[in-house]
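A quick write-up on the structure given underneath.
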Amino acid sequence: MYRPRDHRIVAGVAAGLARHLGVPVLAVRIALVVLLGFNALGLLLYAAYWAVLPQEARGDEQPAGRDLSALAPFAAIGLGVVLLQALVFDDQVATTVGWMIAVIAVGAGVIWHQSDSSRREQGADYNIASTPWVAAIVSENDRRSFLFRFIGGGVLVAIGLIGVVAVYAPDNSISAVFNGVIFAFVGLAGVGVVVAPLLWRTFGQLRAEREGRIREQERAELAAMIHDQVLHTLALIQRNSADIKEVQRLARGQERSLRNWLYKPTASPTERFAAALEQAAAEVEDTYAITVETVVVGDTQCDDRVAALVAAAREALVNAARHAGVQTVSLYAEVEEDELSVFVRDRGAGFEIDGVAETRHGVRGSIIGRMQRHGGRAEIRSAPGDGTEVRLMLPVTRESVTAGKEQAR
Amino acid sequence: MTEPVAETAPRRLTVFLVDDHAMFRAGVRSELGAHVDVVGEASSVAEAISRIQAVRPDVVLLDVHMPDGGGRAVLESIRRTHPQVLFLALSVSDAAEDVIGLIRAGARGYVTKTISPDELAAAVRRVADGDAVFSPRLAGFVLDAFASRPDVPVADPELDQLTNREREVLRLLARGYAYKEIAKELFISIKTVETHVSNVLRKLQMSNRYELSRWAADRRLV
């Protein structure tokens with residue numbers, strides 16, 4: 001259901017209803033006018049539909065011009081119906097209807113404007129442009145007009161209330177006061193009709209604004225990240241383009257950080273085994289300009305012993321980076337029910353394990369000794385020309401975790 | 001498996017590139033040019049489907065993420081009409097969902113774009129020979145996917161369960177071993193290693209999709 005742009009007299013409510021119900025437009029209009037007699041129900045309905053129904057999307061073809069002269073007969077009929085009612089019933093009802101019509105007419109005027117915002121662009125067609133004070137009431141573009149409207153509405157409500165008191169107070173009877181209350185409610189309802197679409201639209205604007213702000217914030221965050229990291233890295237790469245090692249180091253660090261940002265849920269390296277290993281690998285990558293192919297299967301909580309395992313793995317990575325003379329080192333870790341295992345493998349120079357001097361503490365102290373202190377074990381397999389693999393194993397049962405901690409102290 | 005070759009001269013492999021980045025295609029083309037015939041390129045899903053059907057390459061190097069849909073769409077469409085075309089996924093993403101998803105759709109392997117040119121050429125050849133190509137990371141994902149399973153036999157153990165041997169092979173793959181080194185380590189032939197890996201791939205493609213979703217859910221919990 002919508003209000004069409006053609007075949008309309010005021011706002012197209014009747015035409016839209018007729019189109020939707022499949023009855024002649026004239027029938028709907030007459031029905032609305034007749035309903036006017038029942039405490040202005042017709043006008044109320046019209047205003048309600050006006051506020052609720054969306055206007056038909058603007059088509060390519062020019063809509064048929066609205067001829068206001070068609071309004072005249074309906075206005076006449078409406079006037080007749082109201083007068084007839086005033087004659088049949090007593091004056092009081094007629095006065096109520098008169099007030100309601102007045103209030104609703106104001107409301108309808110504002111709604112007319114707010115629901116047909118497209119009209120503002122073509123204001124020349126309407127009287128708004130030629131009568132600035134109308135524009136001041138109905139346009140919502142600046143704060144001043146909003147204030148004006150707000151004060152105007154307040155004055156209207158006040159006048160209505162004063163009118164109620166002035167008309168009904170002298171009677172001093174209960175029924176008169178009761179009527180006065182009803183009158184006041186009708187007045188308030190009229191104001192509500194005026195304000196509700198406005199509020200609704202304001203809420204809609206606020207919602208849209210908030211969504212826009214969130215989107216903008218996300219975009220800004222992304223832009224900041226790209227600026228801080230990617231652009232700076234690219235600039236550095238351009239300046240260091242002769243130094244291949246440096247370029248690779250920069251590119252690798254950037255790739256890792258982008259990857260983490262895009263795909264990885266963040267985990268604290270002090271709490272999770274996988275995160276700690278990945279951080280160690282990243283540090284070695286950055287420091288020694290090599291690639292560490294990290295694969296971690298499963299994950300577990302970090303404690304002292306697990307931290308020692310990570311430290312030993314880091315030492316193994318550093319050794320591989322410094323001595324193997326290769327670009328890529330593999331780091332594989334697996335969390336099993338009863339054991340954590342870490343493998344650091346390179347395809348580099350390799351060495352004779354027996355040939356390592358007793359005085360060299362890197363392997364013996366940082367890897368083998370550290371693992372033993374924490375109840376694990378380390379094996380190193382290496383042969384010249386065949387690369388090196390460091391295997392670190394750490395049994396994890398509940399008992400051994402406690403035992404390991406006590407042992408460590 | 002490759003089609004029987006009609007000519008007597010050893011035929012060069014034909015390779016098709018699907019990637020939305022022209023620069024990357026150019027790079028791969030120049031890297032692979034010495035080893036294989038790059039017979040075509042495509043930058044979108046629709047273009048890839050029609051061109052691959054026309055050229056019928058031995059191996060398609062397939063990007064995972066493209067603006068108008070994933071490489072998976074290409075894979076599924078081509079496999080329906082031309083099951084003999086083999087796919088090797090070549091992606092910048094090493095997210096588990098992408099990798100496992102593409103393998104399940106029928107890719108014979110998955111390598112990341114940081115792979116060296118020589119390794120890429122070797123991977124293409126291995127796929128063309130009917131083997132699977134497992135990067136260490138892919139092996140890690142597979143182990144992860146099957147790791148949480150209890151060792152009791154399930155309804156169809158043949159299908160869903162990895163044998164201990166397959167597990168060992170995958171572990172060594174994840175540790176960065178080459179097929180040759182795995183064979184030496186486990187005292188089996190290279191051919192056996194390849195069989196194990198192919199079996200893993202088959203199981204991965206055939207095992208049901210509930211597994212994958214459950215696994216993904218598990219991972220988020222971990």
Side-chain angles (χ1 to χ4, degrees), chain A residues 248 251-252 254-256 258-265 267 271-275 277-278 285 290-301 313 316-317 320 324 326-337 339 341-348 381 383 386-392, chain B residues 64-65 91-101 110-119 134-151 162 164 167-182 184-185 200 215-222:
Chain A
Q248 282 179 339
R252 204 170 292 117
Q254 196 49 58
E255 184 199 341
R256 187 178 53 247
L258 264 179
R259 228 177 246 297
N260 284 344
W261 198 79
L262 288 171
Y263 303 119
K264 280 270 172 61
E271 287 168 7
R272 304 302 295 180
F273 173 57
L277 261 187
E278 272 158 16
E285 276 193 343
I290 59 162
T291 305
V292 180
E293 264 190 359
T294 310
V295 179
V296 183
V297 171
D299 202 355
T300 184
Q301 289 286 341
L317 285 173
V326 288
Q327 277 303 300
T328 307
V329 178
S330 296
L331 168 65
Y332 173 68
E334 187 169 1
V335 178
E336 286 163 296
E337 269 178 33
E339 192 174 62
S341 41
V342 177
F343 303 88
V344 176
R345 163 141 179 97
D346 68 70
R347 294 160 188 285
R381 289 204 352 168
D386 199 24
T388 307
E389 186 177 55
V390 178
R391 306 171 175 180
L392 310 170
Chain B
V64 179
H65 292 289
S91 173
V92 76
S93 156
D94 56 4
E97 294 81 7
D98 293 332
V99 180
I100 302 277
Y110 194 110
V111 293
T112 54
K113 285 182 176 176
T114 50
I115 191 171
S116 74
D118 292 341
E119 281 176 319
F134 267 67
S135 66
R137 216 169 160 75
L138 175 50
F141 287 143
V142 176
L143 281 170
D144 231 357
F146 287 95
S148 56
R149 301 186 60 84
D151 278 333
L162 295 184
N164 281 335
R167 236 176 252 266
E168 279 178 80
V169 170
L170 280 186
R171 281 212 179 95
L172 288 170
L173 266 176
R175 278 157 64 176
Y177 279 61
Y179 282 24
K180 192 176 66 200
E181 294 163 332
I182 295 173
K184 211 171 89 186
E185 179 82 17
V200 172
W215 167 72
D218 284 351
R219 254 184 91 82
R220 226 159 279 133
L221 285 179
V222 162

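Please read all numbers here as calculations on a predicted model, not as lab measurements. Heavy-atom basis, side chains included; hydrogens, waters and symmetry copies ignored. Within every chain, numbering begins at 1; the chains are lettered A, B, ... in the order of the sequence lines, protein sequences first and strands thereafter.
In this structure a side-chain-to-backbone donor-acceptor pair under 3.5 Å is missing from B:Arg171 to A:Tyr332.
With a 4.5 angstrom heavy-atom cutoff, A:Glu336 touches chain B only via side-chain atoms. For chain B, the nearby part of A:Thr294 is the backbone; its heavy atoms alone come within less than 4.5 Å. Only the side chain of A:Glu255 comes within less than 4.5 Å of a heavy atom in chain B; its backbone stays farther off.
In plain terms, the two heavy atoms of B:Tyr177 and A:Glu389 that are nearest each other are OH-OE1, 2.6 Å.
A:Arg381 and B:Glu181 are not joined by a salt bridge, as no carboxylate oxygen comes within less than 4.0 angstrom of a charged side-chain nitrogen.
Note that CG of A:Asp386 is 5.0 Å distant from NZ of B:Lys184, once rounded to the nearest 0.5 Å. Interatomic distance, OG of A:Ser330 versus CG of B:Leu172, reported as 11.5 Å (0.5 Å rounding).
Listed options B:Ala174, B:Ser135, B:Ala178, B:Gly140 were ranked by heavy-atom pairs under 4.5 angstrom with chain A; first place goes to B:Ala174.
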